[in-house]
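In what follows, a structure is listed as structure tokens, so that the remarks can point back to it.
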6 protein chains.
Amino acid sequence: MPTVHIHMYEGRTKEQKRNLVKNVTDAIVKSLDVKPEAVTIFLHEISKENVAKAGKIVAEA
Amino acid sequence: MPTVHIHMYEGRTKEQKRNLVKNVTDAIVKSLDVKPEAVTIFLHEISKENVAKAGKIVAEA
Amino acid sequence: MPTVHIHMYEGRTKEQKRNLVKNVTDAIVKSLDVKPEAVTIFLHEISKENVAKAGKIVAEA
Amino acid sequence: MPTVHIHMYEGRTKEQKRNLVKNVTDAIVKSLDVKPEAVTIFLHEISKENVAKAGKIVAEA
Amino acid sequence: MPTVHIHMYEGRTKEQKRNLVKNVTDAIVKSLDVKPEAVTIFLHEISKENVAKAGKIVAEA
Amino acid sequence: MPTVHIHMYEGRTKEQKRNLVKNVTDAIVKSLDVKPEAVTIFLHEISKENVAKAGKIVAEA
């Protein structure tokens with residue numbers, strides 16, 4: 001703990017994911033005074049075909 | 001907000017998904033008196049290989 | 001299935017919740033051609049103290 | 001209810017999944033005195049590319 | 001990993017929760033050949049006022 | 001999007017939560033090149049009575 005689930009659109013590069021988990025972990029460590037080893041992050045990549053805003057599929061909006 | 005996650009079996013058509021997010025958004029807007037733009041829906045399609053009821057994988061039940 | 005999780009701010013009345021689950025269930029039944037008994041909905045009420053947009057706690061924005 | 005979500009790394013065999021849902025269902029039935037039919041389990045298989053510990057992607061650690 | 005989220009109705013005793021996490025962890029260890037230390041379980045207790053089946057709030061059904 | 005769910009133990013101060021959402025949002029904006037307004041964070045505070053590691057409730061371990 002903390003355990004983090006990040007839902008984001010598909011298509012990020014490995015480099016972006018690598019930076020993301022590094023930077024988010026640092027942000028949590030700094031803000032909550034926990035050890036980096038305590039932080040687990042799950043990345044959930046989701047297609048714009050499976051997200052809707054205001055009643056419309058994002059991929060089609 | 002509201003943010004909605006719908007877990008359903010794989011295999012729905014684009015037309016079904018389009019109707020689903022439209023109708024669920026309308027239902028929320030009507031019930032909670034929020035604006036359509038406030039409603040985000042995530043569709044999670046899951047294989048019957050990865051759902052179990054009563055201790056049995058649904059795809060094999 | 002489908003199983004639905006709705007995350008919304010605290011403070012809705014029982015009447016609003018009652019309408020919400022009725023209307024969302026109807027919307028799913030109509031859109032996906034499933035039986036009402038197949039639809040389970042979980043309501044998650046969350047404080048504006050525990051939601052942030054653009055880096056700011058909603059209760060303080 | 002209870003409804004269970006198990007997040008695990010990809011790569012388990014069908015036999016392992018079959019045993020997993022059987023054994024977890026039995027454990028819940030025994031512990032909470034519910035009927036097996038009341039237990040639904042969702043398996044979420046996640047790539048080591050999408051999990052991080054201590055700020056590092058597990059697949060690269 | 002595995003990480004488990006169990007959603008169940010409110011009102012279980014400490015003894016039931018203690019047995020539940022022990023038995024579910026044992027079930028996972030046995031089924032997937034992982035170490036007990038690798039298993040994290042989150043219990044989410046939910047009111048019957050916030051669950052609906054077939055369009056009806058469970059507490060009122 | 002991205003939408004972030006952070007599960008953490010109860011007991012953080014308002015100041016810690018304020019810093020947490022600010023710093024995590026900044027980390028995401030920097031890593032993924034998205035706008036701050038696109039980032040939504042949900043904080044889920046969970047009792048040590050409801051988390052288990054290695055088959056033991058954390059509050060009792």
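Any value given below was found using the heavy atoms of this structure, including those in side chains, with hydrogens, waters and symmetry copies removed. Numbers restart at 1 for each chain; the letters A, B, ... are given by sequence-line order, proteins then strands.
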If I compare all heavy atoms of [X] with all of [Y], which pair ends up nearest, and what's the gap?
{"X": "B:Ser31", "Y": "C:Asn23", "value": "OG-ND2, 2.9 Å"}
{"X": "B:Met1", "Y": "C:Lys53", "value": "N-NZ, 4.3 Å"}
{"X": "B:Met8", "Y": "C:Leu32", "value": "SD-CD1, 4.0 Å"}
{"X": "C:Ile6", "Y": "B:Pro2", "value": "CG2-CB, 4.2 Å"}

Relative to chain C, which segment of [X] carries a heavy atom at a distance below 4.5 Å: side chain, backbone, both, or neither?
{"X": "B:Lys30", "result": "side chain"}
{"X": "B:Val34", "result": "side chain"}
{"X": "B:Val51", "result": "side chain"}
{"X": "B:Ile46", "result": "side chain"}

Against chain C, work out which of B:Thr25, B:Asn19, B:Ile41 has the most heavy-atom pairs shorter than 4.5 Å and name it.
->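 It is B:Asn19.
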Interatomic spacing from CG in B:Asp33 to CZ in C:Arg12 - rounded to 0.5 Å |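 If we round to the nearest 0.5 Å, B:Asp33:CG and C:Arg12:CZ are 9.0 Å apart.
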Residue part contacting chain B, namely of C:Lys17, when any heavy atom lies under 4.5 Å |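 No part of it gets close to chain B.
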Go through the atoms of C:Val21 and report whether side chain, backbone, both or neither lie under 4.5 Å from a heavy atom of chain B.
->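 Neither; nothing under 4.5 Å.
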